[in-house]
2 protein chains.
Amino acid sequence: MPTLSFKLNAHLYLRDPQHTVLGQNIIQVSVQMIDRLGFEQFTFKKLAEEINSTEASIYRYFENKHRLLLYLIGWYWNWLEYRIDLFTNSLTDPREKLKTSIRIIVEEKKYDQAFDFIDEVALHRIVVAELDKTYLTKQVDSDNKEGLFGGFKSLCKKIAEWINQINPNYPSAYSLISTVLITSKQQIFFADHLPSLTNIGKDDNRYLKLEQFLESLVFKSIQP
Amino acid sequence: MPTLSFKLNAHLYLRDPQHTVLGQNIIQVSVQMIDRLGFEQFTFKKLAEEINSTEASIYRYFENKHRLLLYLIGWYWNWLEYRIDLFTNSLTDPREKLKTSIRIIVEEKKYDQAFDFIDEVALHRIVVAELDKTYLTKQVDSDNKEGLFGGFKSLCKKIAEWINQINPNYPSAYSLISTVLITSKQQIFFADHLPSLTNIGKDDNRYLKLEQFLESLVFKSIQP
DNA sequence: GCGTTTACGATAGTATTACTATCTAAATGA
DNA sequence: TCATTTAGATAGTAATACTATCGTAAACGC
């Protein structure tokens, strides 16, 4: 199986981390560390120690740690969209495409061999815990102008268009799908930490329950 | 009209800010400042300067700024629940109660004279922008054990019970209502900053559109 | 094969943040 | 009146999020 890579918005980084050993190291180890420490406790200094490099060297790749988070989560959305493309490719019915998308959005993530040096399982946990921090900032407008949220928007648009094919009169396709994308992470977080805010448990079939919840939410909502 | 106050979980503060002039000042001015600066840029030092007090004095009321945010947002949930109680009190049909709740959750907030020294309009903007930061932390579990999220949970439970009265077989009442509570803030944020993720605009009838989106989401979902 | 760019490690330094500690004065209250 | 509570004043600390400069080794172009 060939190794793939995504072309991410060039404003996300100063030097493309996919092209060098140090860059790949930064990505790989930062995923582990943010997953372990949480984004607040994670610093470039700690990362530098772990990869036997220096703070200054990391700053040559990323302007700051917020951009690194945007990069990682941007990568995640690209990866999700790639997977959705992969599995909807052969389908023609937009209902089937939508259903498949929801399954892929929700499904328990496994390590994807097609992408070296990214631990998708840890990255998924990062998205669950840190996603909202990417846009809940005072610089959201300037970040957005630079296109740093392109991955999320692109995915949203793709699925919203299928919804509009199913029911052209449904007026809230974008709201519905952004809600689904975010809720799919949030409900997992609640199940783990604030269980009285959810009906999803900690058991093995949590992903199935979540899928049923969201699938019914979406298909009932868009029904004419 | 009498002035009311809420009894918040005592773990939220070290000294009850509602009981002293300094405390009330801390609350009132921190709402203005967090609204203006955002939670990240807001510091106890800046607050102390603005109210002509000292950092040390503020630390006598709140252990840290995260607890202050939890306090303010806890206050907000209490206020929302109080308003929902006020308007559903006279209703008997759980469908009506649910519908009214959604209206109150979504509605454009106005200054509430019943509560001195809290600017509900600014506080609502804080909830829109900062809510997720209250629980997306590494200490969420210990915060939760201390009951710091009680306001959110209480509101969730109340509304979930109405859903279960309407359709006892709907299996995701808690997930649905926590989704609605959070989405109601998120979609406003998207409308202001990431408009391609929502169908809600910046226009005057945004609250009406949001209400229709969420009302249809909820009632179609719980239909047997 | 020689000069030049590039990459990166090493080191130092800075303003700010999020506290903690201690001391004193004024107000309160029994 | 005396003890306690409350808060202002001041000082200090470890950590964070950078910025700046320097030296060197490898790679790259011609």
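Note that this is a predicted model, so its numbers are computed, not measured.
A salt bridge is absent between Asp203(B) and Lys209(B); no separation between the charged side-chain nitrogens and carboxylate oxygens falls under 4.0 Å. Ionic pairing of Glu40(A) and Lys65(A) is not present here: no N-O contact between side-chain nitrogen and carboxylate oxygen is shorter than 4.0 angstrom. Salt-bridge check for Glu161(A) with Lys157(A): passed, with a basic side-chain N closer than 4.0 Å to an acidic carboxylate O. We find that Glu130(B) and Lys133(B) are joined by a salt bridge, their nearest charged nitrogen and carboxylate oxygen being less than 4.0 Å apart.
Whole-Å rounding puts the Leu14(B) CG to dA18(C) C1' distance at 15 Å. The separation between Glu55(B) atom CD and dC23(C) atom P is 19 Å, rounded to whole Å. The nearest whole Å value for the distance from the OH atom in Tyr59(A) to the C1' atom in dA10(C) is 17 Å. We find that CG of Leu37(A) is positioned 14 Å from C1' of dT16(D), with the value rounded to whole Å. As a whole-Å value, the separation of Gln24(B) CD from dA7(D) C1' is 16 Å. The separation between Leu22(B) atom CG and dT6(D) atom P is 11 Å, rounded to whole Å. Taking atom CG of residue Leu47(B) and atom P of nucleotide dA7(D), one finds them 14 Å apart after rounding to whole Å. Going from atom CZ of Phe44(B) over to atom C1' of dT20(C) covers 14 Å, rounded to whole Å.
Residue Thr43(B) is in sugar-phosphate contact alone, with no base atom involved, counting any heavy-atom pair closer than 4.0 Å across all strands shown. As judged by a 4.0 angstrom heavy-atom cut-off over every strand, Tyr61(A) is placed among residues touching the sugar-phosphate backbone only. Within 4.0 Å (heavy atoms only), Arg15(A) reaches sugar-phosphate atoms of the nucleic acid but no base atom. Here Lys45(A) lies out of heavy-atom contact (under 4.0 Å) with every strand.
Position along DNA chain D of the nearest nucleotide to Asn64(A) versus Val21(B) favours Val21(B) as the more 5'-ward residue.
Remark: Arg103(A) is positioned above the aromatic ring of Phe87(A), its terminal NZ or CZ atom under 6.0 angstrom from the ring centre and at most 45 degrees off the axis.
Contact annotation: Ser57(A) reaches the phosphate of dG9(C) (side-chain N/O to OP1 or OP2, under 4.0 Å). Lys46(B) has a side-chain polar atom (N or O) that falls below the 4.0 Å cut-off from OP1 or OP2 of dT17(C).
Distances from the side chain of Ser53(A) to the nucleotides dG8(D), dT19(D), dG9(C) place dG9(C) closest. Among the nucleotides dC23(C), dC19(C), dA10(C), the one closest to any side-chain atom of Arg60(A) is dA10(C). Comparing atom distances between the Ala56(B) side chain and each of dA18(C), dA10(C), dA9(D) picks out dA9(D) as nearest.
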